[in-house]
Amino acid sequence: MTLDKNFDPAAIEARWYNHWETSGQFRPDRDDAEPFTIVNPPPNVTGSLHIGHALDNTLQDIIIRHERMKGKDALWVVGMDHAGIATQMVVERQMNERGEKRTDYSREDFVEKVWEWKEESGGAITGQLRRLGCSMDWSNERFTMDDGMNEAVLKVFVDLYNDGLIYRDKRLVNWDPALKTAISDLEVETRDVKGGFWHFKYPLADGVTLDNGQDYIEVATTRPETMLADMAVAVHPDDERYKSVIGKKIEQPITGRRFKIVADEHADPELGSGAVKITPGHDFNDFEVGKRAGFAAGDMLNMFDGEANVCQTADGLIPDEYIGLHRFKRDGVDGARELVVQRMKELGFLIPHVTKSKDGETVEHDAEPRTIATPYGDRGGVVIEPWLTDQWYVDAKTLAQPAIEAVKSGAIEIVPKTWEKTYFNWMENIQPWCVSRQLWWGHRIPAWFGPSKEAAINDNQKAIASTLLGEAIFVGSNEDEIRRNAANFYNIDPSEVNFAQEEGETGISGQGNYVLRRDPDVLDTWFSSALWPFATLGWPEETKDLSRHYPNDLLISGFDILFFWDARMAMQGIQFMKDVPWKRLYLHGLVRAEDGSKMSKSKGNVVDPLGLIDQYGADALRFFMAAMESQGRDIKMDDKRVEGYRNFATKLWNAARFCEANGIGASKTLAAPDAVLPVNRWIISEVVETLASLDKALGDLRFDAAANTIYHFTWDRFCDWYLELIKPLLQGDDEAAANETRTVSGWVLDQIIVMLHPFMPFITEELWHSMATETGGREYDLIVAKWPEPKAAVDTQAKAEVDWLIRLISAVRAAKVELNIPPGTKMTAHIRDGDSALQKRIERQSAALDRVGRLESLSFDPAPEGATAQLVIDDATYVLPLAGAIDVDAEKARLNKALEASQKEAKSLNGRLSNPNFVEKAKPEAVEKARADLADKEAEAERLQAALARLG
RNA sequence: GGGCGUAUAGCUCAGUGGUAGAGCACUUCGUUGACAUCGAAGGGGUCGGGAGUUCAACUCUCUCUACGCCCACCA
């Protein structure tokens, strides 16, 4: 095969990917090998590849390819997340565009539609992951709602329930009135919003007054509309202003509701008037105050429906004009907030906020302007309403304890370590996890309730079952009564009650003759993805994969899902597997836009990774991600840099072309070939060192260091020096030298291709197969090739020689530029102070010195009279006679510059060494090194001075 | 209010207790058959300010300033 002149990524990427996948090489059979496991964070089923996925998956692929090449049974589990809210929203939005809505469909039909959508577009991202080159185990692709996951979710729910770790509770939840579902604390984001702070008079009832005679208490609020459900006013127990009225009553002006003034330390005397109105049904603080004041959750007044429109409270005291109003102004229409303020003002209970205008006149405002930290639903985008509902909660506090311990003990290593604090802080302050969602798309909760949910909780008229019992089940034996109850309580058509159910199947006994109806709610998406590290391996079955691949070795995720996903995996994994889900947790940052801002669709600054792949190739994008991934830092997008790595790929391509053209083929051995020539021994040493630092970097999860290591070896060492230095050997008369060089260079190129493969899988696989072999082809593909094992030591002698060679050639080139000598000019050199070892070096390297250094002869004879350039390298001075007119001043300046540099360093070293404190207290090695360096620098300066003297 | 992070060359970023590096950009030179998606040689930084520890600090400690992120019930 002859390599094309130009490297075209698009031409090879799809071909190799298909080949790898169809030949099953993403997970070769290696039952005897040591397992290595990563699970991929399942992307949302409706998602498409964004730049963050490109980072996340590139890092994982680098690790998994590396481990696979090291011979391990490397498994990278892949799958999709059903993404409850997100996916349901997508389908609903599509329906809205067609003028339909979800409720036009039955639940079954709607879910069917979501499945259709999932089938249609759900796989988009998997195709995109393939374009990125990700070597996942597609043969076992999973979905958080496939049969196996469903079974796992069911078991987890039931087991947690039986252990008392899942329970049902009535308390305030974060209610999203747009999506009409409860959401967890994590799904709430606080935004600073401009709002108002209204001050009101709350009149004291029954003729009571404060000690100062005032007949009202001033309260202030940012949410005036909730006063329709106020149930108390709280003051601090020690607040002298109010002590006398504690226990007395307020009569709320609008509702006429009479309620108590209670003492509670929540009220801060320093803030405002020191008195605060209490709405236990619509504020998290007030809920707690209300509980302390003796209100049962069930008695707390609720004034909103699920869409945050005002509804009548249980006591019926909200005036009719408010019923049905939205909580606040929406689409230009005033809501309950505006009306409450207006009425309070009309009634004389609003205390205006007074400011002074520029002319010194006083101006009255209804409210004091304020910035308010307002909770928003991260999906629905509307203000969250704390709402009193029955929901399922996971006792996260109990589950968190061993997960905290696992990190403390080192069973889980978090990389970078700085994230530990964040993890601990969250875990130690964890709140009950609300896992029920009022959605249709997701894992239906396996609970069946009796005639009233309240009764179900109190009287145990509920079933929690791990078998799917259907929508409604009966309890009892009187069929007619059961049918009647079904109709009365649930509006269930009596004919729909399924009497085929076996006695006792529900796990409850009873003669109540009632119907249990299945909980309509579904589970939080993260409830199922928390099981990913073991459920994808077959749990609850005791599979071979499960025993071999759990715990996973590593999890790579963005820090943005540390709480959502990683922490929950830690909790569930330890709870159900009695072991950590993964040994290491690597957290990477965000990929930001070029200006450092967060990418978002609304800002229109998202970068499409597929566009970058089209432009520069997947290998270049991957290498960019790796090279930029330093621990604990976000990555700023930089197209120029991606371009640079495309250039790197081209560079490698051309190096391979050079090899091909010079009869250099694939390596014949895994171990480094034997070599006599210093340049070959040197490059083998460079491979040994590169491999060591590459392995170290990958082991430490330093992707940037790993990428830079292989980059610089390939470009600087191999291309810029080695290939140049061997050109004369390949084309020279010494057949043995040429053969050795061909063998070594073929071996080195192979090592590069292998070491680079995890980063740039496509071009390396292509080159792997392009290099000539004796048998006409490779025995195996690069993806399963063996990671290098040079079995060679670093050859210090060869390193010293080539190092000298490089310095000499570089010095000649630099001198030419400074003295305005055309770079191609052939020079001769006369050596002063050279010894026989140097003479031998020069003999060995004469071809390279001639061809690469343009030094056609080096002699130990004195230089002829006339202008010269002089180079001081190590112990010798190289005197280069200059033909024709030469600018002596330029050469003097050049030498002086070098001299100054030497002297400066010598002076600094001398200063240090003449400080007795340094000599006495510093480490002996440091003193030793300083002495040696000083001697070198002084000798160098002397030679430079001598050279200057010779110039006259 | 807590917690974390970041401030190093024009830009984007590495970095180590012993007087600083990469990529891009910039300057000069270069069409010798791998590569102009290139080569050669360069210029450019008092490593955010201040204090301390140390023989020695860009690197450790404290503090200040600026920016960013996360968590938190301030009515």
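To find a chain, count down the sequence lines: A is the first, B the second, and so on, and within it residues start at 1.
Between A:Arg633 and B:A7 there is a side-chain polar atom (N or O) within less than 4.0 angstrom of OP1 or OP2. Between A:Lys904 and B:U19, a side-chain N or O to OP1/OP2 separation shorter than 4.0 Å is absent. Phosphate proximity of B:C55 to A:Lys921: present, with a side-chain N or O under 4.0 Å from OP1 or OP2. The shortest distance between the side-chain N/O atoms of A:Ser630 and the OP1/OP2 oxygens of B:A14 is below 4.0 Å. Contact annotation: A:Lys727 reaches the phosphate of B:A34 (side-chain N/O to OP1 or OP2, under 4.0 Å). A sub-4.0 Å separation between OP1 or OP2 of B:C38 and a side-chain N or O of A:Asn647 is present. The phosphate of B:G39 has OP1 or OP2 within less than 4.0 Å of a side-chain N or O from A:Trp715. The side chain of A:Lys651 places no N or O atom within less than 4.0 Å of a non-bridging phosphate oxygen (OP1 or OP2) of B:C35.
The separation of B:U31 from B:C67, taken at their C1' atoms, amounts to 49 Å, rounded to a whole angstrom. On the P atoms, B:G52 is 14 Å away from B:U59, given to the nearest whole Å. A gap of 22 Å separates the P atoms of B:G10 and B:U16, to the nearest Å. Separating the P atom of B:A25 from that of B:G39 is a span of 12 Å, rounded to the nearest Å. Look at the P atom in both B:U27 and B:U32: the space between them is 22 Å, to the nearest Å. Nucleotides B:A72 and B:C60, compared at atom P, are 31 Å apart to the nearest Å.
Base pairing analysis places B:A56 opposite nothing; no Watson-Crick or G-U wobble pair with both distances below 3.5 Å involves it. Using Watson-Crick or G-U wobble geometry with both donor-acceptor distances under 3.5 Å, B:G5 finds its partner in B:C67. Of all nucleotides present, only B:A41 satisfies the Watson-Crick or G-U wobble test against B:U27, with each distance under 3.5 Å.
One cannot find a donor-acceptor pair under 3.5 Å joining the base of B:A72 and the side-chain atoms of A:Gln431.
Taken to the nearest 0.5 Å, the OG atom of A:Ser273 stands 8.0 Å off from the CD1 atom of A:Ile351. Here the CD1-CH2 distance, from A:Ile763 to A:Trp653, works out to 6.0 Å after rounding to the nearest 0.5 Å. The structure places SG of A:Cys434 at 9.5 Å from CD1 of A:Ile183, a figure rounded to the nearest 0.5 Å.
Nucleotide B:A72 holds its C1' atom 13 Å from the CG atom of A:Asp192, rounded to whole Å.
Between the side chains of A:Glu428 and A:Tyr423, not a single donor N or O lies within less than 3.5 Å of an accepting N or O.
Of the candidates A:Trp433, A:Trp419, A:Phe563, A:Phe559, A:Phe563 is the only one forming a ring pair (Phe, Tyr, Trp, His ring centres under 6.0 Å) with A:Trp426.
Comparing A:Gly632 and A:Ile809 against RNA chain B, the residue whose closest nucleotide sits nearer the 5' end is A:Gly632. Mapped onto RNA chain B by nearest heavy atom, A:Lys929 and A:Val919 fall at different nucleotides, with A:Lys929 at the one closer to the 5' end.
In this structure, A:Ala697 and A:Ala706 approach most closely via the heavy-atom pair CB-N, 3.5 Å.
Nearest nucleotide to the A:Leu271 side chain, out of B:C71, B:A41, B:A75: B:A75.
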